[in-house]
Amino acid sequence: MKEVILSNCEKNFVNKSVKQGTRLDGRNLLQARPVKIYFGSNWGSCIVSLGQTRVIVQVTCDIQQPKTSRSNEGMLHINVELNPLAAQHFDSGKLSEFSILISRQLEKCFKDSKCIDLESLCIIVDKKVWNIRVDINIINHDGNLIDCASIATLAALSHFHRPDVTSNGEDIMIHPFSEKDPLPLTLYHYPVCVSFITFESGNTVMDPTYIEERVGVAQLTLGINSYRELCSLHFNYLTKTMTVEDVISAVSNYAANYAAKLVQQIKEVVVHDVEARYRKDNRNINHFKECIMMKNLTTMNSDCINIKLHKWDEIHKVESDAYMEKETIECKIIKPGEGSAELITNTATSFGEGGSNTWNISESSEEEVSDIEIAAGIQKEENKVANDIELSGDSEEETTEILETKDLIQ
């Protein structure tokens with residue numbers, strides 16, 4: 001299925017909102033979405049959610065013959081899979097340009113930057129080495145896949161433990177986990193990718209969403225580690241008016257600070273999970289079941305744009321005057337999910353009916369509502385008087401006369 005084309009109205013709306021310094025989800029221009037990391041039952045298995053973008057990663061290892069040029073080093077392979085589960089326009093079982101682009105950026109960030117000690121993966125020189133394979137699957141696409149995939153890859157590599165091996169020079173013996181404790185990978189540094197999108201107005205936003213990626217004119221991805229060192233760089237532009245120097249000078253400090261905080265969060269989560277596994281404390285392990293939302297119906301695509309409200313707990317009280325009684329209706333804002341809100345009235349919930357809309361009522365509309373209420377009240381009074389009149393006989397003009405005693409005497 002082809003990707004749905006954005007209309008000019010949607011593009012203009014996003015451009016104008018970014019130009020005014022606001023975003024559709026309520027974030028600042030240089031503010032990233034929250035990151036959540038969950039680990040599976042196996043070593044090196046994790047799910048990372050960056051806002052609504054979700055990526056699942058599994059790290060595995062096997063023994064292979066090393067390359068001729070690197071006879072004493074292990075190997076690292078990164079594979080990215082895009083399937084229709086993440087977005088409708090992704091084709092399953094086919095390598096697309098987008099998946100190849102993400103794989104190359106991750107290889108530059110982790111492999112070319114010498115993030116992993118590949119020499120420690122050597123078992124026998126020129127014969128046996130460990131081959132580390134990172135399989136990345138995108139399960140929901142809401143923009144900024146490269147950042148979410150890099151976070152998941154770093155968390156999975158930090159969490160992964162390989163079996164211990166002993167060798168007598170010719171034969172090797174792989175010890176199961178029950179005999180010897182598994183060994184973690186040796187990481188020299190911890191790099192992550194930080195992406196930015198620049199718009200026609202010149203404003204740059206961090207951690208773009210799916211619609212922001214499609215509207216922006218330039219995209220910058222920086223691979224930065226916790227030491228504030230640049231590991232990789234990718235710049236893609238649609239117009240030549242914006243150069244990479246202009247964007248880097250504006251966002252380099254934000255990217256370095258965000259990368260340091262992100263790496264610290266990954267380290268803390270990995271250490272907490274590994275310690276809980278060795279203590280066999282299943283209550284403190286972030287299993288996959290904790291990231292599954294129960295009793296909720298979710299879809300990948302929504303027909304409306306989610307706009308976040310700033311005041312969730314604001315309560316409005318609207319008083320409506322009637323002729324017979326006075327009733328106070330309390331309206332409050334509830335938050336059923338991320339980036340959404342709903343106005344609920346107590347009368348509507350108690351009787352199962354929708355109340356009157358009191359969200360944005362101008363002075364003129366209030367006067368019109370009051371006039372309608374007054375007219376309705378007068379109409380009810382007239383109907384009540386008409387119902388109280390009792391007529392006898394068939395004619396509406398019939399009159400009744402009462403005779404007194406003096407009239408009879410006469």
Quick one: does any side-chain atom of R133 pair with a main-chain N or O of T60 as donor and acceptor, under 3.5 Å?
no

If you apply the rule side chain to side chain contact (heavy atoms under 4.5 Å, CB included), what do you find for T198 with N203, and how did you get there?
CA-CA 6 Å; T198 304; N203 293 340; over 6 Å; no

Indicate yes or no: at least one non-hydrogen side-chain atom of S150 is less than 4.5 angstrom from one of F110.
yes

Find the distance between CD (E119) and CZ (R70) and round it off to the nearest 0.5 Å.
9.0 Å

Classify the side-chain pair Q64/D62 by whether it contains a donor and acceptor separated by less than 3.5 Å.
yes

Minimum side-chain heavy-atom gap V192-I266 below 4.5 Å
yes

Judged by atom type as modelled, is there a donor-acceptor pair below 3.5 Å linking the side chain of R27 to the main-chain atoms of Q31?
yes

Between S71 (side chain) and D126 (backbone), is there a donor-acceptor pair under 3.5 Å?
no

Go through the structure and list residues passing salt bridge (Lys or Arg N to Asp or Glu O under 4.0 Å) with R162, not counting sequence neighbours.
none

Pair T209-D142, side-chain donor/acceptor within less than 3.5 Å
no

Would you find a donor on one side and an acceptor on the other, under 3.5 Å apart, between the side chain of H234 and the backbone of R104?
no

State whether a side-chain donor-acceptor pair under 3.5 Å links H159 with R277.
yes

Should H161 and V274 count as side-chain neighbours, where that means a heavy-atom distance under 4.5 Å?
yes

Would you call Y210 and H141 a side-chain contact if the rule is heavy atoms closer than 4.5 Å?
yes

Across all chains, not counting sequence neighbours, the side chain to side chain donor-acceptor pair (under 3.5 Å) partners of E179 are H175

What do you reckon, is CZ of F177 surrounded by more than 12 foreign heavy atoms closer than 6.0 Å?
yes

Pairwise side-chain contact, N83 with F90, heavy-atom cut-off 4.5 Å (strictly under)
no

CG-NZ distance between N12 and K19, expressed to the nearest 0.5 angstrom:
11.0 Å

Spatial distance of atom CG (L145) from atom CG (L101) [nearest 0.5 Å]
10.5 Å

Ignoring hydrogens, what is the shortest heavy-atom contact between H189 and S113? Give both atom names and the distance.
NE2-O, 3.0 Å

Side chain to side chain contact (heavy atoms under 4.5 Å, CB included), that's the test. Do Y188 and I116 meet it? Break it down for me.
CA-CA 6 Å; Y188 291 132; I116 301 177; over 6 Å; no

Could you tell me whether the side chain of I37 reaches within less than 4.5 Å of the side chain of V35, counting heavy atoms only?
yes

Donor-acceptor pair, distance only, cut-off 3.5 Å: does the side chain of S17 make one with the backbone of V14?
yes

I'd like to check the side chain to side chain donor-acceptor pair (under 3.5 Å) partners of T153; sequence neighbours left out, ordered by chain and number.
none

Are side-chain N/O atoms of R33 and N144 paired as donor and acceptor at under 3.5 Å?
no

Identify the two heavy atoms, one from C61 and one from I132, that lie closest to each other, and give their separation to 0.1 Å.
CB-CD1, 3.7 Å

Heavy-atom side-chain proximity of I136 to N79 below 4.5 angstrom
no

Side chain to side chain donor-acceptor pair (under 3.5 Å) with S232: which residues, sequence neighbours excluded?
none

With rounding to the nearest 0.5 Å, note down the distance linking OG1 in T53 to CG in N140.
6.5 Å

Heavy atoms only: give me the nearest Q105-T221 pair and the separation to one decimal.
OE1-CG2, 3.6 Å

Salt bridge (Lys or Arg N to Asp or Glu O under 4.0 Å) against E81, all qualifying residues, sequence neighbours excluded
none

Candidate pair N28 and R23, rule side chain to side chain donor-acceptor pair (under 3.5 Å), full reasoning:
CA-CA 7 Å; N28 298 328; R23 302 173 71 175; over 6 Å; no

Does Q20 reach the main-chain N or O of N15 with its side chain, forming a donor-acceptor pair under 3.5 Å?
no

Just wondering, are more than 12 heavy atoms of other shown residues or ligands nearer than 6.0 Å to NZ in K108?
no

Looking at A155, is its backbone amide N or carbonyl O close enough to the side chain of S158 to form a donor-acceptor pair, meaning the two atoms are under 3.5 Å apart?
no

What's the separation between atom CG in L118 and atom OG in S120, rounded to the nearest 0.5 Å?
7.5 Å

More than 12 heavy atoms from other groups under 6.0 Å of CD on E200:
no

With rounding to the nearest 0.5 Å, note down the distance linking CZ in F160 to CG in L183.
10.5 Å

Hey, could you give me each pair passing salt bridge (Lys or Arg N to Asp or Glu O under 4.0 Å) that has a residue in residues 251-270? Not counting sequence neighbours.
none

